[in-house]
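Keep in mind that the numbers below use all heavy atoms, side chains included, and drop hydrogens, waters and symmetry copies. The residues of the chain are indexed from 1 along the displayed sequence.
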Amino acid sequence: MSQRYFIETFGCQMNVNDSEKVAGLLRREGYAEAVRAEDADVVFVNTCAVREKAAEKLYHSVGRLRRLKKERKALRVAVGGCVAQLQGKEILERAPGVDVVIGTHNLTALPELLERSRQEGGGPVLELDRKANAFAVEARDVVHSNPVRAFVTVMEGCNHVCSFCVVPRTRGPEVNRTPEEIEAEVRHVVEEGFCEVMLLGQTVNAYRYGGIGFADLLERVHGIGGLRRLRFTTSHPEHVDEGLARAFRDLPKLGGYLHLPVQSGAPRVLADMRRGYTPDEYLDKVRLLRDRRPDLALSTDVIVGYPGETEDEFEHTLRLVEKVGFESIFSFMYSPRPGTTAFRHEDDVPEDTKRRRLHALQRMQQRYQEDRNRARIGQVERVLIDTVDSPGRVSGRTMHFRLVHLDGPADWVGTEQDVEITSAGPNAFRGRLRA
Ligand code: SAM
Ligand code: F3S
């Protein structure tokens, strides 16, 4: 029987995409997927370092795997992702069950490292070369985790210097792929049957290769026959320009949804975070986008309890969030990360104040989402079905990336249906096929 792998993924879409690449590499070596870690010969833990709690999940996972290893000596445990890149050797010291630690740019080396860890009598091996080619995994090797939506990475790393963020240290400076490579990969996934593509990058709209900017790239990819929906994440407000706003007006496959992290509504906090915009400049970008695309749905990221954040500064954030009217928000309590510039500040907002602010923000947003979503009852939306929820029940996304559940057979996955919205919660809708 062939060897089996199991992958546990924490963190963002880039990590999900990296896990899809790891799955492909292992399949090429003859591995099959295991449903549970208990049945696997190799477990790959893909880690996230963005907040302390996320980073600590690695050690919980590895603790569990170590117990498994006691029963099954041949089991290999490999750790990748941002914590691997950042902590390297420290992981081997803190987590004795780990056999392989592999950096964010070294995925293609995984099969060989696993082999080496077996041959050398089980001694752990480490590979953290950030100069390696991060795009070395071939398109045909990626095992996409969604049956309809394929991720395509357009850039690795980040050139920004946000004071709170560990990503530039874990993923290095920005490296853009050539437009030809990106186009070829999109064509490949469309030929494989995927009808939606999500372009990925830490600051995807900063993409530039030679004379080709992000709006040009969108136009090129948009023209590919067979592609029905085109999305991208994550955008940075500083790189929102006329070209991007026009793309939302002119390219129908883009739909009407954009994730645009704001982080805070207070001028002093944004300046200290080194985000590169003031609250008013953020609002100007929103105005520009909505001027070209009035129905644009926006989501955002917010950090509460950043060092020195006063009650008044938090109020500024509430007012900005209220003003924009976000489709949804991802909100986080500030978590100090070693090696970042904000780490030098005292983490002086008490935990319970952070929690109170987080809840206040979430409550306000929740009320807004409930009211706004209720107003959509009766509307008809074009839904691309991408999931079987349970037998006879499916779900999918509207052009504005709104989640809709409805009754329908599994073979609707990959089709578009006109759905009338019949009820609404804060985060999702129910609907029925339009009569
Ligand atoms: N450009 C990135 C992206 O693709 O979203 C941002 C990196 S991070 C994975 C996503 C979000 O986590 C950020 O927008 C920020 O709101 C939050 N975040 C990052 N560092 C954080 C920290 N130290 N504490 C709390 N939240 C943090
Ligand atoms: Fe992090 Fe800021 Fe880049 S949040 S990923 S340093 S744009």
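- No cation-pi contact links Arg376 to Phe429, judged by a cut-off of 6.0 Å to the six-membered ring centre and 45° from its axis.
- Taking 4.0 Å as the cut-off between side-chain N and carboxylate O, Arg187 and Glu183 count as a salt-bridged pair.
- One finds the CD1 atom of Ile212 at 10.0 Å from the OG1 atom of Thr178 (value rounded to the nearest 0.5 Å).
- Side chains of Asp389 and Ser395: a donor on one and an acceptor on the other come within 3.5 Å.
- A donor and an acceptor atom, one from each side chain of Glu327 and Ser299, are nowhere located under 3.5 Å apart.
- Checking Arg27 against Tyr5 by side-chain atom types alone, a donor-acceptor pair falls below 3.5 Å.
- Side chain of Lys253 to main chain of His222: a donor-acceptor pair is present (N/O by atom type, distance under 3.5 Å, no hydrogens or angles).
- A donor-acceptor distance shorter than 3.5 angstrom exists from the side chain of Asn205 to the backbone of His236, with no hydrogens or angles considered.
- Using modelled atom types and a 3.5 Å distance limit, the side chains of Ser331 and Gln362 yield a donor-acceptor pair.
- Between the CG atom in Leu199 and the OH atom in Tyr207 there is a gap of 10.0 Å [rounded to 0.5 Å].
- One distance of note links CD of Glu381 with CZ of Arg434; it measures 11.5 Å at 0.5 Å rounding.
- Within the 3.5 Å criterion, the main-chain N or O of Gly255 finds a donor-acceptor partner in the side chain of Arg293.
- Between the CG atom in Leu254 and the CZ atom in Phe248 there is a gap of 5.5 Å [rounded to 0.5 Å].
- When atom types are taken as modelled, the side chain of Asp141 and the backbone of Leu25 share no donor-acceptor pair closer than 3.5 angstrom.
- A donor-acceptor pair is defined here as one N or O able to donate and one able to accept, closer than 3.5 Å; such a pair exists between the side chain of Gln369 and the backbone of Pro426.
- Rounding to the nearest 0.5 Å gives a distance of 6.0 Å between CZ of Phe326 and CG of Leu320.
- At distances below 3.5 Å, at least one donor-acceptor pair connects side-chain atoms of Thr47 with backbone N or O atoms of Val83.
- You'll find the ring centres of Phe401 and His259 outside the 6.0 Å limit.
- In this structure, Phe214 has its ring center at least 6.0 angstrom away from the ring center of His239.
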